[in-house]
Amino acid sequence: MVTKQVPSTGLLTEEHEMLRQAAREFAQNEVLPIAAEHDESGEFPLETIRKMGKMGFMGIEVPEEYGGAGMDTLAYVLALEEICKADAAHGTVMSVNNSLFCYGILKFGTEEQKQKYVRGVASGAKIGAYSLTEPMSGSDAGTMRSRAVKQGEHYLINGRKSWVTSAPVADYVLLFTMTDADKGHLGITAFLIDTTQPGFSRGKKEPKLGIRASATSEIVFEDYKAPMASRLGEEGEGFKIAMTVLDAGRIGIAAQALGIAEAAYEASLSYVREREAFGQKIGEFQGTGFKIADMKTRIEASRGLIYNAAQAKQRSKTSGERYTLEASMANLYASETAMFCAHHAVQIHGGMGYSKELPVERYFRDAKITEIYEGTSEIQRLVISRMETGLR
Ligand code: CAA
């Protein structure tokens with residue numbers, strides 16, 4: 001079911017509509033039918049991910065010369081929303097390849113790095129990952145313990161990173177590690193890691209509540225030799241690169257949350273129109289109707305914030321201006337809306353909402369991570385309030 005969306009007058013071009021339609025058809029025909037099975041088994045859906053790459057979904061904003069679809073940020077969020085409406089786990093892989101990996105290299109990489117790393121990931125032939133978090137540093141990203149030490153023509157990397165989306169299958173990792181611990185966040189440097197090289201290994205796989213088909217694990221570095229040419233940006237520029245890339249990533253997570261919220265909403269809408277109790281459709285009870293009203297309103301408000309953030313990111317490509325505020329607001333509101341809608345959807349469905357026979361319980365489990373990864377709701381509030389007050 002596709003419900004009426006609040007029109008965004010003049011915002012979407014014919015090209016956007018065509019892409020959205022293509023993404024919707026692909027999601028409903030190829031992703032939705034396998035979503036429950038992969039959620040249950042936790043198996044990474046490599047075949048579908050490769051197909052999504054061929055459709056251009058893995059590098060929507062990547063210029064065609066680097067193997068991407070050459071479209072804009074709005075196109076990216078439209079397609080991601082459709083994929084996530086069918087399955088958020090597929091959407092997680094899509095979002096990391098697009099925003100956390102390709103975007104960072106396009107923005108900060110050399111021509112050689114763009115050719116070497118972006119082409120494969122944007123076409124879906126390769127899988128990219130982004131690694132900032134460590135077992136002892138999550139939200140406080142500047143306090144990492146992993147180290148890269150310059151030795152002649154390379155850096156020697158040692159340490160353990162955690163919660164790395166796509167790590168169990170990744171070909172390349174955009175890694176943030178400390179080259180000068182005395183300088184705090186100004187001592188962090190970014191590297192492009194080739195996972196086939198000695199010194200790299202994949203650690204403990206995370207047993208997750210939701211988005212179970214998107215593989216997540218620790219990664220371990222033991223005397224990994226990173227050549228000079230694999231350093232992204234300058235020494236000490238890593239924290240700024242990590243934050244800049246997260247701004248882009250947070251718009252993707254917002255679009256993912258919107259997709260989950262819509263799926264939960266549409267399931268609820270169908271159910272309240274059909275299900276009867278006490279001699280009437282349950283949608284006729286005011287308590288249920290008001291839930292529907294709140295879900296719909298929050299979904300459309302999220303859409304507005306996300307499209308606004310997407311436009312701000314698009315403008316930044318020429319102006320260079322940051323869109324941190326827009327990205328965090330979209331992420332905060334959409335992720336809490338996903339949880340709100342999934343929570344209501346389970347309640348509206350009663351026992352069936354709690355059963356694995358329907359996808360509603362999966363929406364509930366998948367929604368939660370959008371309030372956590374790429375910055376918790378608390379971090380988004382911190383970013384927004386700091387930007388607004390100018391205080392720290
Ligand atoms: N863009 C560019 N620069 C930025 C920036 C941004 N969005 N945010 C901060 N900076 C710059 C600041 O201007 C400052 O620069 P100077 O050194 O020149 O002054 C520098 O970075 C340090 O900024 P802060 O003092 O604000 O840094 P902080 O230590 O207080 O941290 C924070 C700020 C917002 C809390 C940040 O640490 C943060 O976002 N934390 C959350 C991390 C996160 O989202 N982790 C999830 C990782 S990804 C994941 O979930 C796994 C996955 O695989 C998907």
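When a ligand or atom number is given, it counts from 1 through the structure's own listing order. Count residues from 1 along the sequence.
- At a cut-off of 3.5 Å, with distance as the only test, a side-chain donor of Q256 or T92 sits close to an acceptor on the other residue.
- For atom 36 (C) of ligand 1, a protein heavy-atom neighbour is present inside the 4.0 Å cut-off.
- In terms of protein heavy-atom proximity, atom 25 (O) of ligand 1 is closest to R392 NH2, 3.1 Å.
- If you number the atoms of ligand 1 from 1 as listed, the ones under 4.0 Å from a heavy atom of T165 come out as 52 (C), 53 (O), 54 (C).
- Distance alone, capped at 3.5 Å, is enough to place a donor-acceptor pair between the T195 side chain and the A170 backbone.
- The backbone N or O of K313 lies less than 3.5 Å from a partner atom in the side chain of S316, making a donor-acceptor pair.
- Not a single protein heavy atom sits closer than 4.0 Å to atom 19 (O) of ligand 1.
- Atoms of ligand 1 lying under 4.0 Å from at least one heavy atom of L246, given by number and element, are 43 (C), 44 (O).
- Under a cutoff of 6.0 Å and an axis angle of 45°, R231 and Y155 do not form a cation-pi pair.
- For K208 and S214, the side-chain atoms include at least one donor-acceptor pair closer than 3.5 Å.
- Under the 6.0 Å cut-off for aromatic ring centres, F200 and F221 qualify, their centroids lying closer than that.
- Every atom of ligand 1 is numbered from 1 in the order shown, and the set under 4.0 Å from a heavy atom of R386 is 26 (O), 30 (O), 33 (C).
- Here I372 has no heavy atoms under 4.0 Å from ligand 1, in either its backbone or its side chain.
- Checked for salt-bridge contact, K240 and E237 meet the test: a charged N lies under 4.0 Å from a carboxylate O.
- Residue-ligand proximity: L100 is placed with a non-hydrogen atom under 4.0 Å from ligand 1.
- At a heavy-atom cutoff of 4.0 Å, ligand 1 is contacted by no atom of T376, backbone or side chain.
- For ligand 1, the atoms sitting less than 4.0 Å from at least one non-hydrogen atom of W163 are 51 (C), 52 (C), 53 (O), numbered in the order shown with element in parentheses.
- Backbone and side-chain nitrogen or oxygen atoms of D140 are examined, and none is located within less than 3.5 angstrom of a nitrogen or oxygen of ligand 1.
- Comparing T92, L132, I253 by heavy-atom distance to atom 45 (N) of ligand 1, the nearest is L132.
- Y117 and Y172 have perpendicular rings, their planes meeting at more than 60° on a 0 to 90° scale where under 30° would count as parallel.
- Those atoms of ligand 1 with a heavy atom of Y373 less than 4.0 angstrom away are 50 (O).
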* **S230/H154 under side chain to side chain contact (heavy atoms under 4.5 Å, CB included): CA gap, chis, key distance, verdict** => CA-CA 9 Å; S230 69; H154 59 260; over 6 Å; no
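- Near E374, with a cut-off below 4.0 Å to any heavy atom, the atoms of ligand 1 are 44 (O), 46 (C), 49 (C), 50 (O), 54 (C).
- Side chains of E25 and Q21: a donor-acceptor N/O pair is present below 3.5 angstrom, by distance only.
- For the ligand labelled ligand 1, residue S139 lies inside the 4.0 Å heavy-atom shell.
- Below 4.0 Å from some heavy atom of K240 lie the following atoms of ligand 1, by number and element: 3 (N).
- A salt bridge is absent between R212 and E40: the closest approach of a Lys/Arg side-chain nitrogen to an acidic carboxylate oxygen does not fall below 4.0 angstrom.
- For atom 11 (C) of ligand 1, no protein heavy-atom neighbour is present inside the 4.0 Å cut-off.
- Atoms of ligand 1 lying under 4.0 Å from at least one heavy atom of D247, given by number and element, are 1 (N), 6 (C), 7 (N).
- Among the atoms of F239, none of the N or O lies under 3.5 angstrom from an N or O of ligand 1.
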